[in-house]
Amino acid sequence: MPSKNPKSSILVVDDDSTIVSFLEMALSFEGFNCLTATSGEEAVKLVQHFKPSLILLDISMPRMDGRDFCQWLHTNGHCGIPVVVMTAGQNAARTQEEVGAQDCLAKPFDLSELRSCVERWTRNT
Amino acid sequence: MRAADTSVAQRLSLGFGIVFLLMLMLIGVNAYGQQRVDRLLGRLTDEIMPAADAAIHIQTAYLRQSASVRLYVDSGDDRYLSDYTKYVSLAQDALGRLDDLSKNTGETRLFDQIKALADRYDEEMGRAIFLRQQGASSAAQQVLDQEMAPTREQLLEEMESFADVQLRLRDEAKSEVDVALHNVAGVSYGLAFLAIVVGAAVAFFVSMSVSRPVQSLALASRSLAEGDFEPALRLEHKAGDWEEVQSSRNELRVLTATFGRTARELLKREKRLSARAQLSAVLASSIDAEKVACDALREIATYTKCEFGLIYVLDSELNVLRRIGAYCIASAPDDIKVGEGIAGEAAASRRRVLVQDIPSDTPFSVRFGFDQVPPKTIVAVPVICQDQLIGTVLMGSVRDLTDDALDFIEVSAQQLGVSLQDALVHRQVTALAEELQKKNELLASQNEEMQVQSEEIQSQSEQLAAQNEELEAQRKELIELDHLKDEFLSIASHELKSPLTSLKGFTQILQERMQLTPYYEEFQKPLAAIDGQVNKVVSLVNRLLDVSRVQMGRLEMKPELVHLGELARRQANRAQIKATEHKIVVDSDSEVVGYWDPGYIEQVVTNLVDNAVRYSPSGSEVRISLRQVNNTALLTVTDQGIGISSDALPNLFQRYYRSEEAKRICAEGMGIGLYVTYSIVNAHGGCIWVDSEPGKGSTFHVQLPVQPASFWKEAEESIYAKQESEEQHTGG
């Protein structure tokens with residue numbers, strides 16, 4: 001098991017509830033506190049109240065999508081929270097760059113990829 | 001009749017001089033006569049008449065003297081003595097006067113007698129007076145009666161004869177005056193008549209000598225005005241030699257000669273003008289070069305009195321003069337090189353060439369039909385139009401050619417130049433027109449064919465239009481289908497990948513968590529199978545998406561600075577995780593950096609490495625090497641696998657192609673990976689090729705240009721432009 005900060009809380013945002021539950025399970029097994037949201041609006045409320053140390057964000061969502069959410073984060077002074085975008089699109093790295101996120105995961109990803117990515121962004125917090 | 005060589009002024013002055021002389025003589029004669037009459041009359045009045053007067057005075061004085069003396073002697077009264085003295089002085093005066101007159105006239109003899117008698121009478125009277133004074137009155141009386149009376153009688157007689165002489169003289173003088181007057185009148189009348197006769201003659205002569213030439217001049221002028229030169233020409237002939245005329249003082253002769261000469265010049269000019277007009281008419285009458293040349297030659301020869309003539313035209317391609325017209329000559333050469341002969345020289349030098357005084361033993365000759373004579377003069381003149389040589393005119397004569405004739409030939413050559421050029425141009429134009437006509441006919445026949453064809457095409461095009469409409473409908477349908485396909489792709493990428501994400505994730509969680517349970521042995525295999533199948537589906541979906549994108553030309557490039565070594569190592573590590581039984585090595589000796597799309601380059605590396613792993617035996621090595629050569633990056637992936645047969649090599653990068661060996665080794669696979677790799681490399685402006693031998697492994701070479709960002713910018717713009725045009729197309 002990798003060393004982790006038990007206080008770290010990770011916000012998972014995806015409109016696919018199955019993915020949300022998989023991520024919740026996988027992250028809780030790794031010892032992270034997990035906040036979940038199935039829409040951008042929900043995620044906004046959670047960020048305002050809980051200040052997560054990392055956000056795993058799906059890009060394509062109905063209404064407020066991942067891009068709008070990132071925009072909101074930047075305009076509302078939440079630039080300090082690292083964001084990992086998860087996308088089913090062709091070029092995950094480009095999407096990451098476009099929205100100003102810190103990392104990306106191309107769907108579908110391996111558990112190992114998820115682990116190393118999350119560890120990378122929670123190690124210093 | 002030829003007048004003396006004197007001017008009109010001279011003639012007039014001569015005539016009037018004679019008349020004037022006669023008038024002068026007339027005046028002189030009159031003056032002389034008048035003078036003579038005057039002199040005669042003067043003598044009459046100054047000499048003869050005073051002499052008669054003096055004689056009478058003397059008579060009277062002596063009578064009175066004698067009377068006074070007698071009275072004194074009778075009375076002794078002294079009063080009578082003073083009367084006597086008074087009369088004595090009167091008589092002395094009269095005697096003195098008479099003495100003067102007689103001296104002038106030369107009648108001295110008679111006067112001397114009178115003087116002697118007078119003196120004697122005076123002496124007797126003096127004696128009588130003395131005697132009376134002495135008292136001897138009787139003696140005195142005696143003297144008076146005896147001595148004085150006879151003396152007195154004598155004196156009176158003398159005096160009377162003297163008076164007679166005087167009267168005779170007077171009558172003589174009078175008759176002399178009459179004669180003189182008569183003579184003067186006669187001479188005057190004669191001279192006046194002579195003057196009239198001479199004056200009339202002079203006037204007649206002068207008027208005749210002036211008016212006759214003037215009349216002939218007037219006549220000649222009138223004839224000239226009516227176009228008849230003959231009288232004017234006769235005038236010149238009449239005036240005689242021109243040299244002589246020029247030095248003549250006779251203005252009328254000079255005038256006549258000059259008029260005649262002017263008329264001759266005019267006639268010459270008229271003839272020349274008419275010849276030129278004739279030539280112009282001939283030149284204008286035809287547009288055929290040969291006819292123009294022959295007619296012009298005839299006109300030139302007629303005017304210049306040449307016996308033969310030739311016209312050559314320059315063939316500028318061969319630089320040869322070609323004969324196109326001849327006059328009275330048949331044996332002249334048809335062609336002459338420029339610069340050869342008289343005609344050729346004239347053409348080459350563009351100057352008149354004149355050969356005169358040809359000796360009689362020359363081989364040239366002018367044939368007259370019955371005989372032949374050598375020409376004496378040959379002249380060749382170049383025909384030039386607008387500074388361009390057209391040809392040469394050659395004229396020959398058995399005589400000398402006058403300057404006028406030579407001049408006419410030159411002027412005619414100029415005129416001929418324009419006409420000949422027109423004629424030659426016309427000939428060319430006619431030839432062209434005929435050619436054009438033929439071509440037109442050909443075109444017309446072709447047109448008819450084309451008309452038929454075009455009708456066919458028309459009907460075909462109508463069919464095509466109908467088909468086009470059909471096609472258009474089909475195209476719209478296809479665009480609709482294309483949209484549907486895009487939608488499908490979007491669904492495939494998102495809707496398929498999302499369930500796969502959770503499926504894969506849960507499977508892996510299950511596998512991990514199951515290890516901690518006693519059921520692991522039992523469920524390990526099915527779980528691994530699920531994970532494997534999920535991976536296959538994921539790979540399948542990714543590849544299908546790739547090929548769709550490549551096929552649609554939607555490889556959206558986002559070039560950025562890429563460290564190819566780092567990228568290759570990262571991909572190698574990822575591949576190594578899966579390929580546990582292979583050894584993946586990256587061999588990068590130096591930094592290889594360029595502007596590429598990192599996502600696509602990753603895919604290239606991944607595809608090549610995956611392929612290498614798949615078709616090589618376990619435990620073998622897969623080597624990725626990187627090099628930079630000039631402006632290109634070279635990436636090679638080498639394996640120790642089965643290799644590729646030479647049959648398969650050409651088709652290796654084709655879509656859906658799989659070699660027999662590949663199918664045998666690995667049944668799965670769609671033949672997409674290398675096609676996508678090839679497309680990506682191509683889109684970067686690079687190239688890909690393979691070296692392989694069956695059983696000895698393969699080496700894939702990828703060459704990528706290290707392009708600056710601007711290249712990609714341009715590439716991107718062109719892609720956007722392409723997309724926009726597609727969208728407009730589909731939208732329309």
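Numbered from 1 within each chain, the chains take letters A, B, ... in sequence-line order. Model, not experiment: these values are computed from the prediction.
The side-chain contact (heavy atoms from CB on, under 4.5 Å) with Ser498(B) is formed by just one residue from the set Asp58(A), Ile19(A), Asp15(A); it is Ile19(A).
In terms of modelled atom types and a separation under 3.5 Å, the side chain of Lys497(B) and the main chain of Ala88(A) share a donor-acceptor contact.
By the 6.0 Å contact criterion, CZ on Phe506(B) is enclosed, its count of non-hydrogen atoms from other residues, nucleotides or ligands being greater than 12. Crowding of Met25(A) atom CE: a count of heavy atoms from other residues, nucleotides or ligands under 6.0 Å not exceeding 12. Other residues, nucleotides and ligands contribute at most 12 non-hydrogen atoms within 6.0 Å of the CD atom of Glu581(B). Shown here is Gln515(B), whose CD atom has more than 12 heavy atoms of other residues, nucleotides or ligands within 6.0 Å.
Partners of Asp16(A) by side chain to side chain donor-acceptor pair (under 3.5 Å), not counting sequence neighbours, listed by chain and number: Thr18(A).
Contacts of Asp14(A) with chain B are absent, with no heavy-atom separation under 4.5 Å from either backbone or side chain. Heavy atoms closer than 4.5 Å to chain B are found in both the backbone and the side chain of Ser21(A). Using a 4.5 Å cut-off between heavy atoms, Glu97(A) contacts chain B through its side chain alone, with no backbone atom that close. With a 4.5 angstrom heavy-atom cutoff, Ala26(A) touches chain B via backbone and side-chain atoms both.
The greatest number of non-hydrogen atom pairs below 4.5 Å with chain A, out of Gly505(B), Pro598(B), Gly599(B), is found for Gly505(B).
Looking at Phe22(A) and Lys504(B), their side chains never come closer than 4.5 Å, going by heavy atoms from C-beta outward. Side-chain contact between Glu512(B) and Phe29(A) is absent, with no heavy atoms from C-beta onward closer than 4.5 Å.
Atom-to-atom distance recorded for Asp110(A):CG and Lys578(B):NZ is 7.0 Å, nearest 0.5 angstrom.
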